[in-house]
A.B. asks: 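Following this message is one structure expressed as structure tokens.
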Amino acid sequence: MTRTALAIDIGGTKIAAGVVTDAGEVLVRAETPTPARLGPDSIVAEAIRLGMSVLGMPVPGDSVPGTVRIDAVGVGSAGVIDDHGRVVSATDILTDWAGTDLRARIGEAFGVPVLVVNDAHAHAVGEAVRGAGRGHETVLLVAVGTGIGGAVVVSGSPLVGAHGAAGHLGHLPTAAASGLVCSCGREGHLEPLSSGTGLPLLYRRLGGDAAVHDSREVVARVRNDPIAREAVSTAASALGGAIGGLVNTVDPGVVIISGGMQNAGAYWWECLRDGYHESVLPALDGTQLVPAVLSDDAALIGASSLAITHASVVAPAPDATDAPTITEEDER
Ligand SMILES: [Zn+2]
């Protein structure tokens with residue numbers, strides 16, 4: 001029998017929700033801007049409202065709207081998420097987001113088991129199980145957009161680490177970033193050099209046109225502007241070199257490149273692969289770097305896949321009178 005989950009993806013700019021089957025098919029989806037500055041109560045309320053609204057949408061092939069049954073809710077959220085579905089820490093992209101008990105709040109609203117993961121982990125799982133990583137047991141996903149993140153996915157589950165923070169690939173040290181201050185406060189990390197934000201900064205540091213502020217403008221100039229060519233080459237080959245080191249450590253079946261920079265064009269990919277082949281072990285040189293294929297739905301598909309497989313029931317509230325009482329006697 002087909003199992004179905006409601007998936008909710010809470011990001012810094014938008015919230016998406018969808019009803020997804022265990023085969024990774026997104027039956028219905030909707031999205032709305034995140035009320036990022038209004039605090040966790042507003043953000044959670046908007047996520048629940050959007051989730052309720054997609055459950056009320058007519059599912060293709062099902063003539064009666066609002067009758068879709070879900071087995072679980074999977075939530076992907078910005079921030080570091082602990083085993084209990086709580087936000088442990090977050091950047092200030094969502095005001096006061098740290099401390100939010102997402103599993104409890106969303107569980108109360110929908111009455112089914114809930115699983116909460118970091119949104120980058122959800123995205124990586126989606127690509128690994130239903131996208132470009134299909135058929136591979138171990139997948140390394142590298143997301144290169146305004147920042148650089150990613151995940152290692154093994155058998156459909158993300159490696160989350162001891163503190164929920166695994167996958168901060170942008171904070172690998174790289175020689176070419178020496179002296180550059182990173183978003184984390186440290187110096188010499190990959191992110192300020194090779195991210196979509198880093199590329200135009202590098203271009204201008206090398207003496208390029210001071211009016212250029214967007215990575216797409218740099219990429220568009222590589223044919224005619226030697227400084228743009230040098231910037232793309234430096235940024236992409238450093239990223240490729242770091243990925244080679246990760247492949248040497250993790251030995252994935254495939255490496256998926258996602259995020260805005262996956263569309264940075266043939267020259268960027270050529271430099272990325274050159275840097276990669278210079279650093280990867282000869283024995284692992286056949287491991288391919290491939291672009292992501294699921295775009296916006298990856299996090300919904302990943303969150304639903306994890307929820308259907310692993311979601312657990314939300315514990316009853318401590319003051320619930322009908323909750324079974326566990327005494328010390330029972331625990332022994
Ligand atoms: Zn850093």
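Bear in mind that the values here come from a model prediction, so they are computed numbers and not experimental data. Residues: numbered from 1 along the sequence shown. Read the numbers this way: they start at 1 and go in the same order the structure lists the ligands and their atoms.
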A.B. asks: Return yes if a side-chain donor-acceptor contact under 3.5 Å exists between Glu127 and Ser258, otherwise no.
C.D. replies: no
A.B. asks: Out of the N/O/S atoms in His171, what is the name of the one closest to the Zn ion (ligand 1)?
C.D. replies: ND1
A.B. asks: Roughly how far, to the nearest 0.5 Å, is the NE2 atom of His121 from the CG atom of Asp119?
C.D. replies: 9.5 Å
A.B. asks: Have a look at His189 and say which of its N, O or S atoms is nearest the Zn ion (ligand 1).
C.D. replies: ND1
A.B. asks: Test your reading of the model: is there a side-chain donor-acceptor pair from His189 to the backbone of Arg186, 3.5 Å cut-off?
C.D. replies: no
A.B. asks: Dump the intermediate steps for side-chain contact (heavy atoms from CB on, under 4.5 Å) on Leu306 and Ser157, then the final yes or no.
C.D. replies: CA-CA 7 Å; Leu306 287 167; Ser157 290; 4.1 Å; yes
A.B. asks: To 10 degrees, how wide is the angle SG (Cys182) to the Zn ion (ligand 1) to SG (Cys184)?
C.D. replies: 110°
